[in-house]
Amino acid sequence: NDASPLYKIVNTDVAGISGHSNGGAAALFTTTNICQFPFCFGPNYNRPAEFRAAVVLGTHTVPAGGPGQHVEPLDVDNQIPVGLINGELDSLENVCKSWPLIEEEKDLVIIEGVNHWGPANIQNPPSNTPAQFEQTKPQEWSIKKSAYWTAVLFDAYLKSDAGAIS
């Protein structure tokens with residue numbers, strides 16, 4: 001639409017999807033063409049063809065379990081590249097369990113001194129589970145670093161910029 005302010009700025013034929021925490025899990029499962037409850041509803045899901053990559057932050061594939069309950073991570077048969085960005089002070093145990101189960105092209109970025117809420121606008125938002133470890137980097141710094149690595153991974157995946165992550 002040449003009347004749109006985004007005309008010739010945004011390429012609507014190629015898109016990436018991103019999210020943090022549960023939003024990251026929802027984005028991650030869009031890469032599989034499978035509806036994984038509770039991140040989507042309904043038996044049929046088809047990833048839009050325009051989605052060519054996912055970059056997720058503070059995300060893993062280990063479902064929530066009850067106290068003392070052993071829960072296995074879910075397989076992710078991704079059909080598009082996936083970048084996973086995690087804070088060094090986030091729950092790396094679950095990321096390490098999930099990482100081998102992401103099947104295809106994937107990259108992992110660990111940001112030093114950042115916890116689970118590093119990419120968010122505040123630490124420990126009300127009505128959310130508080131971070132297990134206190135962040136050692138300033139919030140503004142962690143937001144900028146998270147955004148930087150998200151852009152780098154999308155450049156590599158969506159613009160075929162091989163130098164972005166080499």
Side-chain angles (χ1 to χ4, degrees), residues 4 6-64 71-121 131 135 137 141-166:
S4 169
L6 300 177
Y7 182 66
K8 292 192 177 183
I9 295 174
V10 176
N11 179 353
T12 58
D13 294 329
V14 178
I17 185 167
S18 186
H20 170 254
S21 196
N22 284 339
L28 184 59
F29 286 113
T30 67
T31 71
T32 66
N33 274 339
I34 295 172
C35 178
Q36 180 63 48
F37 181 81
F39 303 110
C40 71
F41 302 96
N44 299 317
Y45 171 78
N46 291 305
R47 176 182 48 82
E50 295 82 9
F51 284 177
R52 306 277 176 86
V55 176
V56 298
L57 300 93
T59 300
H60 57 77
T61 67
V62 180
V71 181
E72 290 296 319
L74 301 171
D75 283 320
V76 178
D77 184 15
N78 54 304
Q79 299 165 10
I80 59 176
V82 171
L84 176 59
I85 300 172
N86 214 77
E88 167 195 37
L89 302 173
D90 199 348
S91 101
L92 291 176
E93 176 186 355
N94 285 337
V95 171
C96 291
K97 288 179 188 175
S98 303
W99 184 246
L101 301 177
I102 299 174
E103 300 293 333
E104 295 298 322
E105 184 177 348
K106 58 188 179 181
D107 291 284
L108 175 63
V109 174
I110 303 293
I111 303 176
E112 182 181 336
V114 173
N115 67 17
H116 183 73
W117 296 110
N121 61 331
Q135 185 162 287
K137 298 288 187 182
W141 182 91
S142 65
I143 292 168
K144 287 180 180 177
K145 200 58 102 168
S146 299
Y148 168 80
W149 282 108
T150 300
V152 165
L153 291 168
F154 275 141
D155 279 352
Y157 300 148
L158 300 177
K159 297 178 179 177
S160 300
D161 181 354
I165 53 176
S166 60

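Keep in mind the model is a prediction, meaning the values are calculated, not measured.
We find the CD1-CG distance between Ile110 and Leu84 to be 7.0 Å, quoted to the nearest 0.5 Å. Here the straight-line distance linking atom CG of Leu57 with atom CG of Leu153 works out to 9.0 Å at 0.5 Å rounding. Here Asn86 contributes atom CG and Thr59 contributes atom OG1; the two are 7.5 Å apart, rounded to the nearest 0.5 Å. Taking CD1 of Ile85 as the start and CG of Asp90 as the end, the distance is 12.5 Å to the nearest 0.5 Å.
Between Phe154 and Ala53 the shortest heavy-atom distance is CE2-O, 3.8 Å. Counting all heavy atoms, side chain and backbone alike, Gln135 lies closest to Ser142 at NE2-OG, 3.2 Å. Listed here is the closest heavy atom pair of Lys137 and Glu112: CG-O, 3.5 Å.
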Less than 3.5 Å apart, which donor and acceptor atoms pair up between the side chains of residues 18-29 and the rest of the protein, not counting sequence neighbours?
residue	atom	partner	partner atom	Å
Ser18	OG	Val55	O	2.6
His20	NE2	His116	O	2.7
Ser21	OG	His116	NE2	3.0

Show every donor-acceptor pair shorter than 3.5 Å between a side-chain atom in residues 7-17 and any protein atom, with sequence neighbours excluded, or say none if there are none.
residue	atom	partner	partner atom	Å
Asn11	OD1	Asp13	N	2.8

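Every residue two or more places apart in sequence or in another chain that forms a side-chain contact (heavy atoms from CB on, under 4.5 Å) with Gln79 is listed here: Asn33, Arg47. Evaluation of the side chain to side chain donor-acceptor pair (under 3.5 Å) rule for Asn78 yields no partner, not counting sequence neighbours. Looking at residues two or more places apart in sequence or on another chain, you find a side-chain contact (heavy atoms from CB on, under 4.5 Å) between Ile143 and Gln139.
Considering only heavy atoms from C-beta on, Ile80 stays 4.5 Å or farther from Tyr157 through its side chain. Thr31 is not listed as a side-chain neighbour of Phe51, based on a closest heavy-atom distance of 4.5 Å or more.
For residues 143-155, the set of pairs meeting the side-chain hydrogen bond (donor to acceptor under 3.5 Å, both in side chains) definition, not counting sequence neighbours, comprises Glu140-Lys144, Asp155-Lys159.
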